[in-house]
Every structure is written in structure tokens, then in C-alpha cells.
Amino acid sequence: MMTEPLIDQKPLLLVVDDDTKLRNLLVKFLSDNGFRVLAAANAAEARSNIACHRFDGIILDVMMPGETGTELIQSLRLTCAMPILFLTARDQLEDKVTGLNLGADDYITKPFEPQELLARIRAIIRRFAPAPSVSMERLRLNDYAFCVQTGRLTKDDDLVYLTSTEQILLRTLAQSPNQPFSREDLAQRIGHKVSDRTVDVQITRLRKKIGDDPRQPQTIQTIRHIGYTLCPN
């Protein structure tokens, strides 16, 4: 049974690494720096933990006996979008590219600086965290209203159907209105191996559903060389 996070509770991390010494050091270091931390020695233990807890982030090794970190992340990305950081001795450029393409939100090679790891973990958690001041609001989008918390889009109290992808995009943009999101970031929120072109197509469809003029969009605006931003009324 999935456990719900408690209000104002410290972020919960899962460290997955077959190196016992490093795993224990990471647990202590992260615990000393404001996190609750659980650990797993392999993918099977990681799956067991994920089934029982809602993690705010996962620190994942690549080279593990049995199911590797890359195999695990491929499976996880089919069903969840929690932040995942690869921490691995594989330091070649192609390894990093592969890891990021598989759905990792960041990639750090061993040996590493603990403070850099800490900063990167905090950064990816911030990226995925909803904005508390906005999450309960109903945003006005032309003649439509969107509730960030529920993901419901309505017009004159009539529900407007959104696909799961459209809902993810709109909720992401709505959590930080007037803040630009890159196509890469939006693609990662949507899921596994989504291209920038797919993001563009989904944004076009979403604009039509909220009555945004595709020739001169005012609500979901294109930020040149970056991506998109939501500008509520």
C-alpha cells in the first residue's frame, strides 16, 4: 500500500547501490543534511521500497548484479515520474547520454564531491515540487478555468477532457505561471523517450483546448530558444 507524505516532513530519498560502504556513507551524509533516507542493495530491494513508500527522489547506481540501474530506470519510467539521479563509475560521454535518454534527471560520476551531489539532489527535487501557493488556485485561461490540484479544466462549469499528457503539461506549466519551461524539461515530465517535437505537437493541441490563438498565442506563449510559459488571465 502506498504511503502518503506528511505535511512539512523532510524529503524521502532512496539510495540504490550494491557497494555497502558507499551506501551507508550516503545514508549518513544525506540524513545529516536534511533528508530521510532508505537504502537498497539491488533493484529487487529498490522495487520493494518503491512499492511501500512515495519517494521524493532516487539515487541510483548503474552497475549492479542482476538487474542493472539502466534496466531498472527503463521499467520505472513506464509508470512513474519521480526524480532519479544516476550516481555511477561509468564516466564516458556515451554513458551519460544513454542515462539521460533513459529518463535520468541528472548524472554524476564516481568519485564525486558530496556537496555537489547534495546540491543536485535539492535542485531536481525543487524542479518536481509543486508550488504550494498556486496548487489550490483556479487559474483563468481565456474562458476556461484550470485547477492545478485536481488537473480539471472547465468552461462554464462544464468539464473539458484532457489527455493524460495534456494534463501533465498544463499542470506543470500552471505550477509556476510566467516561468519558462524548456522543451527538454517538459519532455521529461511527460515520460520515457519523448522528443521535443512531441512536446510542440502536444502544446499545439493544448492551445486549441483552451481557446489560445495558435497564430498569436497569449496564454501558452513560446519563449524563443527555450520553450513555453503559461500566462494566466
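Counting from 1, the numbers follow the sequence of the chain as shown.
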field: Co-membership, hydrophobic cluster, residues M63 and I84, 4.5 Å side-chain
entry: yes
message: Within the 4.5 Å heavy-atom criterion, are L72 and R47 side-chain neighbours or not?
response: yes
- request: State whether a side-chain donor-acceptor pair under 3.5 Å links T165 with T163.
  value: no
- request: Determine the minimum heavy-atom distance between D17 and R23, stating which atoms define it.
  value: O-NH1, 2.6 Å
task: Determine whether S176 and F181 make a side-chain contact, defined as any pair of heavy atoms from C-beta on separated by less than 4.5 Å.
output: yes
- prompt: Are side-chain heavy atoms of C231 and N178 found at a separation under 4.5 Å?
  reply: yes
query: If you count the non-hydrogen atoms of other residues, nucleotides and ligands that lie under 6.0 Å from CD in Q216, is the total more than 12?
result: no
field: Student check: side-chain heavy atoms of R138 and C147 closer than 4.5 Å
entry: yes
task: Over all heavy atoms of both residues, which pair between R122 and N33 is shortest? Give the atoms and the distance, please.
output: NH2-O, 3.2 Å
E116 atom CD, over 12 foreign heavy atoms within 6.0 Å: yes
- line: All heavy atoms of A174 vs all of L139, minimum pair found to be CB-CD1, 3.7 Å
- request: Drop me the distance from I210's CD1 to L162's CG, to the nearest 0.5 angstrom.
  value: 9.5 Å
message: Does either side chain, that of Y228 or that of D200, offer a donor lying less than 3.5 Å from an acceptor on the other one?
response: yes
field: pair P83-I58: side-chain heavy atoms closer than 4.5 Å
entry: no
R77/D105 ion pair, N-O < 4.0 Å: yes
field: Sole residue of N49, V37, L13 in side-chain contact (heavy atoms from CB on, under 4.5 Å) with F55
entry: N49
- request: Heavy atoms only: give me the nearest M64-G69 pair and the separation to one decimal.
  value: CE-N, 3.8 Å
query: Between R183 and I203, is any pair of side-chain heavy atoms under 4.5 Å apart?
result: no
- line: dist E45:CD -> L38:CG (nearest 0.5 Å) comes out at 11.5 Å
message: Before you tell me yes or no, could you show the steps for D61 and D19 under side chain to side chain contact (heavy atoms under 4.5 Å, CB included), namely the whole-Å CA-CA distance, both residues' side-chain angles and the distance that decides it to 0.1 Å?
response: CA-CA 9 Å; D61 187 20; D19 185 328; over 6 Å; no
